[in-house]
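Data block below; observations after.
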Amino acid sequence: MDYQYREIEQRWQKFWAEKQTYRASNQSTKPKFYVLDMFPYPSGSGLHVGHPLGYIATDIFSRYKRLKGFNVLHPMGYDSFGLPAEQYAIQTGQHPSVTTEANINRYREQLDNLGFSFDWSREVRTSDPAYYRWTQWIFMQLFNSWYNVRADKAEPIERLVAHFASKGSVGVNAVADEEVLSFTAEEWNAFSEEKQQTELLKYRLAYLKESTVNWCPALGTVLANDEVKDGLSERGGHPVVQKKMMQWSMRITAYADRLLEGLDTIDWPEPLKEMQRNWIGKSVGASVKFSVDSLQSSVSTDDSELQTPNYIEVFTTRVDTIFGASFLVLAPEHEWVAQLTTPEQEKEVKAYIEQTQKKSELDRMADTKTVSGAFTGSYAKHPFTGNPVPIWIADYVLAGYGTGAVMGVPSGDQRDWLFAKHFKLPIVQISDAQKDLDQQADPTKEGKYINSDFINGLIYQDAVAALIAKLEEKGQGKAKVNFRLRDAIFGRQRYWGEPVPVYFKNGFPYLIDEKELPLLLPEVDKYLPTESGEPPLGRAKSWKYQDQYEYELSTMPGWAGSSWYWYRYMDAQNDHEFASKTAIDYWQDVDLYIGGSEHATGHLLYSRFWNKFLKDLGYVKVEEPFKKLINQGMIQGRSNFVYRLIDEQGKGTNTFVSFGLKDQYKTVPIHVDVNIVEQDTLDLEKFKTFRPEFANAEFILDNGKYTCGHEVEKMSKSKFNVVNPDDMVERYGADTLRLYEMFLGPLEQSKPWNTNGIEGVFKFLRKFWRLFHDEQMNFAVSDEAPNKAELKSLHKIIKKVEEDVERFSFNTSVSSFMICVNELTDLKCNKRQILEPLCIVLSSYAPHITEELWSLLGHESGSISYAAYPVFHPEFLVEDEFAYPVSINGKMRMNLNLPLSLEVPEIEKAVLENADVQRYLENKTPKKIIVVKGRIVNLVI
RNA sequence: GCCUGGGUGGUGGAACUGGUAGACACGCAGGACUUAAAAUCCUGUUCGCCUUAAAGCGAGUGCGGGUUCGAUUCCCGCCCCAGGUACCA
C-alpha cells in the first residue's frame, strides 16, 4: 500500500483517544517531567498555521521524554474568560458561555487533527465554575494575608491582628499603603470594627483602595498597566484615560525584590528576563530632604496629619553628585507647586502648567528635545552647604515616579545639563574625571570629587557611604530603593470573568464563606453597564449575599485564571483543594514552558507572584514555577498580490498584470487569497471565482503564467494570507505539517509562513515509507543482519536527534532524518534491525506514520509512544580513514585520504610525499606545517 | 538614546568548543520513465574568469580593521534589520 496518510492518521488518533495512551499518572517510579504550553484563548477564528508551532515543539519534547523513560505531564486547556466573547455577546445577545463552548470545540477538533499527545483527562477551562472556584479561593487567601518584611513572606492577617491587639502598630514591618496609622494596643482594641477593617485593608495583599487607574471608556472598564500600550488599550486600541476610582488591587510590589532575584535562578531567554527587570525597575539610591522655609510659613492648618512639611523630598540614584545640585525641579503636578510659587512668578508658572496640561500624554513622551520649565520664585536650602537652591517646575519630571521631584545636577545628568544651559543655571564640576562640561554632562563615577566639601578627594563608593551616614545623622535623608513596579489593578467592570467572592456590609468588604464557593456568575439580561453606570453584574436580579448584602460588581481580570493553572493540571478533578498536596509534591514545577513573549510583563509576572504567595502560605513547594522557558517565534503571514491595471482616470480595470511586467504599466496591488496561489503562480480559474467582480478578469501573463508579488505581514483574514492547518493536514497529513513547521527554522525565530517547501518534507515521509516496502508497495522488511554503513547511518541519527532535542534545535533534526533516509535508500536497506530503532527515533516528530509502521513490524498491541529510545553506540561511528583537507596558506586545496591511526609526524610525512602537494609547493620547503589529527593539515609557504 | 537578538546563495536555512562555508530542503535548468500527465528517479545549481571538455584561477558569510598557521565563529570601530523600553532622576 502506498502511504495513506489520512487513513493512518485518523485511525491512530482514534486509537490513542480510546486507549488513553497519553494519560499521565500522579504516581510512578519513573522520574517526572512536566511540559507545558501557554493555554490558548479560544477565539472565534480558530487556529491558523502559526498557532501550533509551540505545541508541536512541546509535543516532540514530551514524546521524546517518554521514550527516554520519563513520566511526562503534558496537558492542555483553555483560558476561556475574556473580552472578545463578551464583545460578541453585547452585539448578538448570545451568552458568552455558548460562543466559548463552540470555539473550544472547534479548537479541540483542530488540535486533535495534529496528533498531540495531550492528557485530555486533565483539561482545564478558566471559565468553568469547578475551576474558578479555586481562583476565587486564592483571591480569598490573598485578601486574608499581609506581607511581613521581617520574615520576607506573606502571612495570615490574623497574625497581624494579634500583633496589633497585643503590641499596637509598633514593631510591624509590612509592605502596606503609605498612610498607615500609628497606635497602641489599647487604641487598637478600642477602635470600632469599621476603623479596624479600614486599617487592615491597607495591609491586605488583595485590597480595595481609591487609586488612579487606567480607565478605558470604550471598553467600559479599567485596565492593568500591561494592558495599556502607548496610551491605548492593548485590545481594540481604544483611548485610555487616568481616573480615580475605588478598585481592587494586588500588592505585587511586596514581591518586587523576590521577583527580581528569582530571575537569576531560572533558565529563561535573556530578553524576557530583561523585560521583567525593566518592568520591576529597581533603582538603588537615596532620598534627600531639601528644606524650604517658605513652605511651612505659608500654610496654617490645625490637623497635624495634614500639615505640609517644611521640605521637599527628592529621590536620586547619584547622591554622590549632591554638591553639584544647582536647582530643584518639581513635576508641574507636584502638590506644593501653588504654595511655592511667589506672587511675581505666579503668572509664568500658571501659564506653564496650562501649557503642559494641553499636551497629551503622547506628545509629552514624544517631545523630549525641547527644554521647557518655569521658576517658582522659591528657594530650598542645600542640606550640606545651606546655599539657596532655586525651585523650578518642568515636565521632564514625572509626578508618578519617585517623589515627583529631583535635584538638578547639570554636570552629571544630561537632562539637567540641557535644562541648566537653557535657563542659564550654574554647571558645577564635581569630579576631577569630568570632561567637556561645556559640551555635555559627564555622568562618570570614576575619579575623585572636587568642589564637594567633606567628600573632596574620595572615590565613588566611599563618597556615597559618607553622604548617607551624614544625611541620616542630620535626619535629612536616607538610603532608599525605588521601584517602577506598581500594584496591579485587579477589578474589571465586565461580565465575562470570575466574580469576586466579596460582599459589602456598611461599605466594607467581607469575604463570603469558603463553603459557599464557587460564587457563580449570575445571569443578566444584557452584557452592558447599568443605566447608572454600574458594571454588568449590577443587572443581575437578587445578586446579594444572604439576600441582604451587595456583592462586589466587578469581576476579576483575565490574568487571574492563568496565574495558577499549571497547578490545576496536576490534579484537575479535585473537589477539595486546588490541587492535592501529594500531586504538588510529585510534579512540583514546570520543567519546560513554551509560549509567546507577549506575556512577558503580564501573565509571566503575575504567575510568578501568585506562585511565591502560595509558597509563602505553604501550599506549593517551589519559589519559581517555570524552570525553563522558551519563546517560540511568531509565524507571520506571507501575503500575495495581483496588480490591477488602472486607466487614465485612475480607475481600476478588469486587467491584471503579472508581477514581472507590472512596472511597465500603471497598476494597484490587491491582496489575493494565498490559497489560490502556488509557488507565487496564480491559479487563474480559481481567481475568477475568488470574488464576483473578477469573474471576467483578463491577464497580462509573463512566460505564460501569472506571477504574484508577495510581502510579509501579520497573518489576518483581511489580508487573505491565513493558512489553516486543517487544509495542510488534508493535503499532506499531520506528520508532514509537524515536520515542516519544525523544518522552517529555529523555534525561537520569527518567520513568515510559506507553504512552498512543504513538498520536500512530504517526499521525505514517502521515501521513509518506501524503505519498509518493496516495488509493489508490499510491506517487506528483512531480518538480515545490518552492515557497517547501515549501522553508521542509524547511530548517527540516534545521537543527532538526542543532541538536537535536548537543545531544542528541532529544525536540524529534520534535515538529519532526511540525510539518514537518503543514505538508507541508497543502501537499499530494509532491515528490521535498522528500521525498527529508526521508527522510534522519528516517532516524536512524526507519530502517526511511525505508529503504523511499528504495528506493521509486529508490535500489534503496544504503542510506539512507550518504546525505549535506542541506545547510541559510538563504535559504529568510528572510522579508520579520514579525508584530510589540506590547506596551503589557509586555503583549502585538496583532500587526502589517510588512516586515522597515523600520528602527527607520519601525517606530515605522507602529506609532503604526496605528488599533488608537491605540485603546489613548487619545490619550496614549507615554513611551517600545522597538523591537527583527525581535522586538518595546513602548510605555510 | 539604552537593552536584547540578528545580518550566510534566487529562497528557508546548516556549519555546536576557531579547522573542508553553503548541509538539508525549496526553486530553477537539463535528462530518464510514460501515448500523455501525475508520481518517481538521475544530473547540475554561491558568484566571476578561463576552457570544446577535464581541470584550473580569483572573490566570497553586512562594511572597515585586528588577533591567528587558519575567522561565519574571537577582539575593536561602523552600518542595517527585528523585538523591547524610556525624560525612571
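On a predicted model such as this, the values are computed, not experimentally measured, just so you know. The sequence lines fix the lettering, A, B, ..., with proteins before strands; numbering per chain opens at 1.
For the pair A:Leu896 CG and B:G19 P, the interatomic distance rounds to 21 Å; values are reported in whole Å. In this structure, A:Trp769 atom CH2 and B:U40 atom P are separated by 16 Å, rounded to whole Å. Put simply, CE on A:Met818 is 13 Å from C1' on B:A14, counting in whole angstrom units. Here the P atom of nucleotide B:A25 and the CG atom of A:Asn811 are 14 Å apart, to the nearest Å.
For B:C57, the paired nucleotide is B:G48, the pair qualifying as Watson-Crick or G-U wobble because both relevant distances are below 3.5 Å. Here B:A37 sits opposite no nucleotide as a Watson-Crick or G-U wobble pair (both hydrogen-bonding atom distances under 3.5 Å). With a 3.5 Å ceiling on both atom-pair distances, B:U20 lacks any Watson-Crick or G-U wobble partner. Under the Watson-Crick and G-U wobble criteria, each requiring two contacts below 3.5 Å, nucleotide B:G77 is paired to B:C63. Look at B:C2: its Watson-Crick or wobble partner, with both distances under 3.5 angstrom, is B:G84. Taking a pair to require two hydrogen-bonding distances under 3.5 Å in either a Watson-Crick or a G-U wobble arrangement, B:G70 remains unpaired. When both pairing distances are held under 3.5 Å, B:A29 makes a Watson-Crick or G-U pair with B:U43.
When the C1' atom is compared between B:C42 and B:C47, the two are found 26 Å apart, to the nearest whole Å. Rounded to a whole angstrom, the distance from the P atom of B:G18 to that of B:A82 is 32 Å. Comparing the same atom, C1', in B:U46 and in B:A21 gives a spacing of 10 Å after rounding to whole Å. Across B:G84 and B:C75, the matching C1' atoms stand 28 Å from one another, rounded to whole Å. Across the C1' atoms, B:C3 and B:G13 are found 28 Å apart, a figure rounded to whole Å.
Figure legend: A:Lys282 and A:Phe483 shown without cation-pi pairing, the cationic atom not lying both under 6.0 angstrom from the six-membered ring centre and within 45 degrees of its axis.
In this structure, A:Phe323 has its ring center under 6.0 Å from that of A:His382.
Among the heavy atoms of the strands lying under 4.0 Å from A:Gln749 are primed sugar atoms or P, OP1, OP2 only; no base atom is included. A:Arg766 comes within contact range of the sugar-phosphate backbone alone, with a heavy-atom separation under 4.0 Å but no base atom that close.
Comparing A:Tyr401 and A:Gly745 against RNA chain B, the residue whose closest nucleotide sits nearer the 5' end is A:Gly745. Mapped onto RNA chain B by nearest heavy atom, A:Arg770 and A:Pro752 fall at different nucleotides, with A:Pro752 at the one closer to the 5' end.
A perpendicular orientation is assigned to the rings of A:Tyr845 and A:Phe817, their planes being inclined by more than 60° (bins at 30° and 60°).
Looking at every heavy atom in both residues, A:Val821 comes nearest to A:Leu771 through CG1-CD1, 4.2 Å.
A:Pro410 places none of its side-chain heavy atoms less than 4.5 Å from the side chain of A:Leu425.
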